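What follows is one structure encoded as structure tokens, with my remarks underneath.
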Amino acid sequence: MALDGIIILDHYGRPIIQSGFRSSTTAYSLLHIDAVNNALQKAERSADVDSVIYVPPSNTANGSSACCHVEVGDLRFLCPVSGDVDPLLAFAFLQTFIDILREYLGTVSAATLRDNFDIVYQLFEETLDSGGHPLTTYSNALRDIVIPPSLLNKLLSVTGTNFNSTINSGFGAGAAVGPFSSPLPWRKTGVRYNNNEIYFDIIEQLKAIVNKNGTVVSSHVHGKIEANAKLSGTPDCSLNFTNPQVLDDCALHPCVRLHRWNRDKMLSFVPPDGRFTLMDYTFSSNPLTSPTPTQQSLPSVMSSRSNLAIPFMIKAIVKLEDSGGSFDVTLTSRYSTHALENIVADINLGAGAGGIRCNVSRGSGGGGFINAGGSRNLDTSGASSGASWSFDAQRTVLRWEIPIVSPSSSWSLHGSFSTGTRAPRPSHAIRVRFDISSHTYSALKVGQLKVTNAKENYKPYKGVRGRSSGEVEWRW
Amino acid sequence: MSIKAPRKGENYELSVDLNSEYREKRKDAIKRVIASMTVGKDVSGLFPDVLKNMQTDDLEQKKLVYLYLMNYAKTQPELVILAVNTFVKDSDDPNPLVRALAIRTMGVLRAEKIIDYLCDPLQKCLRDENPYVRKTAALCVAKLYDLKPELVIDNGFLEQLHEMIADSNPMVVANTVAALTDIHIAASSQPSISPNDPALFPISSSILTKLLIALNECSEWGRVAILNALARYVAKDDKESEHICERVVPQFQHVNGSVVLAAVKVIMIHMRGVRREDLIKQLVRKMAPPLVTLLSSPPEVQWVALRNINLLLQKRPDILSNEMRVFFCKYNDPLYVKVEKLDIMVRLAGENNVDALLSELKEYASEVDVDFVRKSIKAIGQTAIKIDAAAERCVHVLLDLIDTRVSYVVQEAVVVMKDIFRKYPSTYEGIIPTLCANLDELDEPEAKASLIWIIGEYANKIDNADELLGIFVDTFTEESYPVQLQTLTAVVKLFLKKPDSSQGIVQRILNTATKDCDSPDVRDRAYIYWRLLSTDPGAAKAVVLAQRPPISIPRTTVAPALLEELLGEVSSLASVYHKPEETFVGKGRVGAESLQRKTDAPDDRFSTSKALQTVAAGQQAENLLDFDDAPAVEGRPSGLAATEVLSHTPAAANLLAGTSSNPLDDLVSIFGAPATPAPPSANSHDIFGGLGVNSTFPSGGTGSLGSPAVQSPSVAAPPLQKNQQPEDDLLGLF
């Protein structure tokens, strides 16, 4: 017994589509839908519902089960499990399935699902065995057996020719070989491109908590390297870094040869075709003590996850009175070369808050012009260009948005709110999210990328980009 | 069905299109049928029309027809027979995808009549040259076993599967293992299974070798299946355990969290057999980073990871000793994640990081979310009790919080202070006036009872103790029972400490409690006190003012024997619920598995399963958790088994005694709020209902347990034996 199936619910908790359940009773999936909807109704915040819900047995179904669920946009994906299954297996599978859906349908929404019932069913069938075992989830292999709904297909289907044999074997190239005969499960054979290219995106996310004195209480940088490979044949890549010591806790795509990585920190792999995540890592900001090639004393590494400088500073003055309060928040960029983009600051004002008056302004410093250092020319004309605020009365969250904070500039938000009859009880933290383009916290540098190919000789185009984002909780 | 379909309407149009001479029109019609089926319209009437489209070269169309068949096979089994020929033919198709599809669909249809036609094609497909077909066929055997086990055995499919473990394709190996495991589970849930049944899938050392080879080459799902099989293997000696651990450790670097967790489980199990200390250390060290990495995942994954980390920490507190900051809560974390993080933070607290922890907890106490605030304050109390050196700092933080005068903060802080007084008697008397100043703000029974207990305990040092208690005596009949019990005991304490000034109040309360109170517990306790006081004040002193052992935080929230069992279940529902599997999933499995364990018979295993049964039985008896098992879990001792086990096996005694050897101490520490991170107090009151809520509380009454004077008139002190049962249930709850 394992994963029993997948049910996709719409925004109102009604099932849109579900995989075929093996269970003898049709009530089984209904029980799970009910259990989830009930739990959601009871909870104040939908995010607070336990992610694994116990579903008691009905008198017809034998044995009890549990339901793992995740929310994706407007939809909710349920994965009922019976027997003693790792819930993480369910979540990992759901995530994989959602990724696959995105790849096939572009956006995953009730409408796209309804338009493509046939595709979704086929994906259910191919990815999850009715006995509960996940099957093929490598998109390379899947595309061979479930044809993505592309314009091409529509055109072909209009002509009405029998193109199955070609489609089923990877766009014609490997027709002779047949599906699933590739020695590498993640890569299909016979891939051919006119322009051979491989791109790497180094994406890092900072998560930090800063206390009211401006001291960083905890900070972590998680990074991943996403790759997009468009290479012909069976290319063998080897990628090394000039500063691999900043990488810690690495989790690698199965295509990476582990022993090479453990021995000389070299990523040696035959890439899947198309997009994939090559590795996940944690940035250890204290490279001196981190272990080099072999595994060494880990405790030193652990403690060395020392805190990283936060790219901005916040000064918040909040005055609370009997039935309301006023606030004055200033955000100053600490970076001198990179601009912070898409800044979203959320302040939860607590139950009963309302009557918001706010004023957003651009403070001094930084100037409208851009320092050297390669950042883009930013439009900073106008005192409060683009910055805005909004208030979500239901969640009592005040949101402050600034499209771009240029280097060393500062922005501020003054305002007041009232809480009617009760005492104000705002959350003592401001949650700030932001992006920084062409920047990584770890300054991870790709040293060399070699692509070798036994049969064919081509020089691929190679590209590496960095991108960062962050989520900082700043307390006041 | 018998009614002829009308010649108009949607279904009629579909039926016309399904019979169209243009293939595209037909295919489009099938898609529309599928869409109608999905939104719940009845298109079963189109069965014959759809079936006509089954024979096609278009694989997509074939799949859609199969889908339709699977959906209606249950309701129209007689029609499915019409499709059998095509299925059989398809299983011989030159295209491997079609062969696999045919086999897979036939396995799913679950129609008796189809099954008989399945065996021959399945036989062929198991030996197919294409690995995709082979791996599909392997899983099909498990499904067949589910429907008709005898067919699987008669056709020799089991032998074939066993051969396929040596397949050259790792995915085939993984699926074969998954299929054999499914069959193993299904077979062992039969009540009358012999240990030599062919359907059982014991992992031998030759299979082990093959699994270890396939492990590194198959997909993540295959790895999980193989790792789960490895977890069942019983290593011959420590060399083999080491070997397994070394081979499995690289899985920690897999991107997929479920692979990581499954690998952690295998390591935790086989580490028991490893003797080399350096290897154990190394393994433990390597376990930490992947677990921490899981914490950067979405909340639901975090939660599963946290529950498992919580469990691992109880066994190996050193795993994440320097990582407390990872667990700091963000205010937008879901509550269930925050609560789990709090628990882990307290677990990781030590003298070196307690300051960071306290300032963090203080921060949480000013949060918006009331539940979370309360839990944070509780955590402060737990920290104080855990780390002696930090107790004073904790008390200061609590005082700061009481200063905020936010009602629920103050009340929770008072409850926590009571626990600190119990751990460090006579140390922080200076703050009693501050606590008493907040008397008017208390409206929750637990907070009231806590404050009353403190007043009673320190009656001789509080000048106006009689006044303060007088307030509660005046409203005695309106209070809830826990408050009544506390008031009663506190007044008696006051009287014993200051007999001159409190004669009146004690008389008043004994009168009220015996005459006007409708709780038998309160009345009985009042009678005992009355009798004691009137016959032998010395004995009364010995009982009511007895020294109580200080409380402590148990290192584990589950009993050691259960912990071992759960660690074997890391990465499973059991580890998330912190309960043995048999308490929440289907019936039956207990019988066979624990039976097997008994025959395996190393002592600790035996006692583990015993302890498990006890917990399970206790839970059933009390039905605490809505996890009501189906009533019949055969052959398990029920209810009272707890006491029986107690006397026999040391492990079970441990289960009851927690970490300490003194059962009373443990009773107190388990029942006392600080020791128990999990249960909301309301719950524990329910549990104790009949036995007297006094035991949840450090009252004079419970104190008397230790004293020989009152063994017999025991209402306030029910015999120890009886008390152990609810405790069992409590343990289950954690």
Side-chain angles (χ1 to χ4, degrees), chain A residues 1 17 20 47-48 50-52 56-57 62-64 66 70 83-89 91-92 117-118 121-122 129-131 133-134 145 147 157 160 162 164 168 178-180 185 209 217-218 222 249-253 258 277 280 282 298-299 302-303 348 350 425 427-429 431 473 475, chain B residues 23-24 31 34-35 38 57-60 63-64 67 70 96-97 108 131-132 139 142-143 171 178 182 219 221 224 250 253-258 261-262 285 289 292-293 296 300-301 303-304 322-323 325 328 330-332 334-336 363 366-368 571-574 576 581 584-586 626:
Chain A
M1 288 292 159
I17 186 169
D48 279 346
D50 282 4
S51 51
V52 180
N62 53 343
S64 51
V70 286
D84 201 7
V85 187
D86 178 4
L88 214 49
L89 180 69
F91 289 124
F117 277 144
D118 50 328
Y121 271 126
Q122 289 184 59
D129 171 66
S130 62
H133 304 285
I145 38 180
I147 309 143
S157 64
N162 179 15
N164 260 303
N168 286 332
F180 290 99
I209 303 175
V217 179
S218 94
H222 293 284
D249 303 355
C250 300
L252 304 164
H253 190 277
L258 268 181
T277 302
D280 286 336
T282 318
L298 244 143
M302 313 302 259
S303 51
N348 190 340
R425 197 163 162 70
S427 149
H428 285 249
R431 185 165 73 115
E473 185 173 316
R475 295 178 180 156
Chain B
R23 61 186 308 149
E24 276 321 306
K31 283 189 184 174
I34 297 284
T38 310
D57 301 333
D58 185 338
L59 187 65
E60 195 183 3
K63 276 189 197 166
L64 294 174
L67 256 175
M70 283 187 256
L97 288 177
V108 182
Y132 180 66
L139 286 179
K143 281 173 222 153
M171 276 317 297
D182 279 358
S219 76
W221 318 116
V224 173
Q253 297 192 35
H254 201 283
V255 187
N256 189 310
S258 56
L261 220 47
R285 253 193 280 121
V292 172
T293 306
S296 60
E300 56 276 358
V301 175
W303 182 69
V304 178
N322 290 315
E323 293 280 22
R325 283 166 191 275
F328 283 1
K330 305 252 170 59
Y331 85 90
N332 61 326
L335 183 64
Y336 60 89
E363 202 65 57
S366 65
E367 275 280 356
V368 181
S571 92
S572 68
L573 272 180
V576 168
E581 180 198 346
F584 58 86
V585 284
D626 298 332

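A quick note: this is a predicted structure, and the numbers were derived from the prediction, not measured.
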Note, D86(A) side chain near L261(B) side chain (heavy atom, < 4.5 Å): yes
Atom of W303(B), atom of S51(A) and distance for their closest heavy-atom approach: CE3-OG, 3.7 Å
Heavy-atom contact with chain A under 4.5 Å, split by part of L335(B): both
Pairwise side-chain contact, W221(B) with L89(A), heavy-atom cut-off 4.5 Å (strictly under): yes
Nearest non-hydrogen partners of E367(B) and S427(A), listed with the distance: OE1-OG, 4.3 Å
Engaged part of V301(B) at the chain A interface, taking heavy atoms whose separation is under 4.5 Å: both
Residue pair P250(B) / L258(A): nearest heavy atoms and the distance that separates them: CB-CD1, 3.5 Å
Under 3.5 Å: donor-acceptor pair, side chain of Q122(A), backbone of E60(B): no
Those residues that, when tested against D280(A), pass side chain to side chain donor-acceptor pair (under 3.5 Å) (two or more places apart): none
H133(A) side chain near D182(B) side chain, heavy-atom distance below 4.5 Å: yes
Part of R431(A) lying under 4.5 Å from any heavy atom of chain B: both
Proximal component of K143(B), with respect to chain A [non-hydrogen, under 4.5 Å]: both
Which portion of V255(B) sits near chain A, non-hydrogen atoms under 4.5 angstrom: both
Segment of K330(B) engaging chain A (4.5 angstrom heavy-atom cut-off): both
Between OG1 on residue T38(B) and CZ on residue F117(A), distance to nearest 0.5 Å: 4.5 Å
Least distance between heavy atoms, P289(B) atom then D249(A) atom: CB-OD1, 2.9 Å
Smallest separation among heavy atoms of H254(B) and A251(A), with atom names: O-CB, 3.6 Å
Contact leader toward chain B among I17(A), V70(A), D129(A), where contacts are heavy-atom pairs under 4.5 Å: D129(A)
